[in-house]
Amino acid sequence: MKRIGVFTSGGDAPGMNACIRAVVRGAVYHGVEVYGIRRGFSGMIAGDVYKMESHSVSNIVQRGGTILKSARSKEFLTPEGRKKAFEQIQAHGIEGLVAIGGNGTFTGAMIFGNEYGIPTVGAPGTIDNDLYGTDYTIGFDTAVNTALDAIDRIRDTASSHDRIFFIEVMGRDSGYIAVQSGIAGGAELVMVPEVLTPLSEVVETLKQGWSRSKSSSIIVVAEGDEAGSAVEVAAKIKVQVDENADIRVTTLGHTQRGGSPSAYDRILASRLGLGAVEGLLNGQKNVMAGIINNDLVYTPFEDTIRLPKPISEDLLRMVKILSV
Ligand code: F6P
């Protein structure tokens with residue numbers, strides 16, 4: 001393999017740049033040409049491709065976002081779109097791909113690989129940490145710390161005013177950010193999409209807290225919780241606890257997607273980027289590079305997409321115990 005392509009796709013995540021850097025430098029080290037594809041599958045279809053050198057990735061290890069930009073492509077979901085993408089890949093002499101992204105990215109890469117035989121190795125880049133085949137995904141640690149910083153700040157004002165705060169963190173289908181930021185931030189309760197939290201339990205937790213002289217409370221809600229957004233949950237709880245309860249809601253939103261990656265994310269991204277390139281050069285295809293128990297492993301795309309990565313029931317239990 002003499003020429004590979006690299007792209008980022010789906011929601012961006014802090015550390016994607018460190019991963020691109022590792023892919024480019026790893027390829028250069030092994031004497032392989034590397035082409036950057038802008039805006040994921042959309043750029044592949046459009047032929048938005050350029051040759052990258054070692055210096056193309058200077059001074060990016062510390063930057064959030066992705067220098068290759070990212071997109072979610074509807075056209076790539078169609079056979080016509082994928083045909084155009086293949087024609088561009090062929091025209092540029094690209095023999096293998098490194099895809100940095102999440103579930104949607106790997107689904108696209110798997111279908112493309114099966115249709116056109118282009119070997120692809122993925123590196124898991126998503127703040128959601130919802131991919132089977134790796135303990136952690138690139139961007140998750142930074143996102144948790146961003147959420148935690150906000151929770152700490154909100155705790156100050158919640159305490160001053162004896163208020164209940166519902167803080168919404170990201171995670172459409174996944175409660176990982178909610179659980180970890182909630183534990184680290186000392187939340188009274190964490191609500192996640194994977195596990196049903198009856199509203200009666202929220203009410204009970206708040207009332208128990210008051211009976212033990214707690215004057216303020218923090219409840220972390222993952223955006224995909226079955227009870228709705230934090231705004232909706234707060235409105236439902238208000239009528240059940242006390243119409244006079246002083247309740248506020250903060251939605252952290254895309255603040256969690258940006259910012260300089262943590263040391264952990266930079267190191268993880270570097271390992272996974274290099275692991276993806278070396279995997280590709282060693283004949284791996286249609287797999288995702290991941291780190292499990294500190295070892296580099298390759299998991300078929302099919303499994304990363306299909307298999308769930310459950311939230312630890314132990315951690316959820318701990319939140320309840322520690323909030324007494
Ligand atoms: O998958 C990452 C993620 O940040 C989710 O947590 C969130 O639900 C979604 O992306 C938001 O996507 P968008 O940036 O397209 O609004």
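These numbers come from a predicted model, not from an experiment.
No side-chain donor-acceptor contact under 3.5 Å links Arg63 to the backbone of Pro14. A donor-acceptor pair under 3.5 Å links the side-chain atoms of Ser312 to the main chain of Leu315, judged by distance alone. In this structure a side-chain-to-backbone donor-acceptor pair under 3.5 Å is missing from Asp12 to Thr66. Side chain of Gln256 to main chain of Gly253: a donor-acceptor pair is present (N/O by atom type, distance under 3.5 Å, no hydrogens or angles). Within the 3.5 Å criterion, the main-chain N or O of Leu199 finds no donor-acceptor partner in the side chain of Lys236. One N or O on the side chain of Arg25 and one on the backbone of Ser54 form a donor-acceptor pair closer than 3.5 Å. Of the possible polar contacts, one joining the Asn17 side chain to the Ile67 backbone as a donor-acceptor pair under 3.5 Å is found.
For an aromatic pair to be called close, the ring centres must be under 6.0 Å apart, and Phe41 with Phe7 satisfies this.
A side-chain contact (heavy atoms from CB on, under 4.5 Å) with Phe166 is found for one member of Val231, Leu189, Val233, Thr251 and no other, namely Val233.
By the 30° and 60° cut-offs, the orientation of the rings of Phe86 relative to Tyr116 is parallel.
Shown here for Ala13 and Gly125, the closest heavy-atom pair between the two residues is CB-C, 4.2 Å.
Both the sub-6.0 Å distance and the 45° axial angle are not jointly satisfied by Lys285 relative to the ring of Phe301.
Of the charged side-chain nitrogens involved, at least one lies within less than 4.0 Å of a carboxylate oxygen, so that Arg306 and Asp303 count as a salt-bridged pair.
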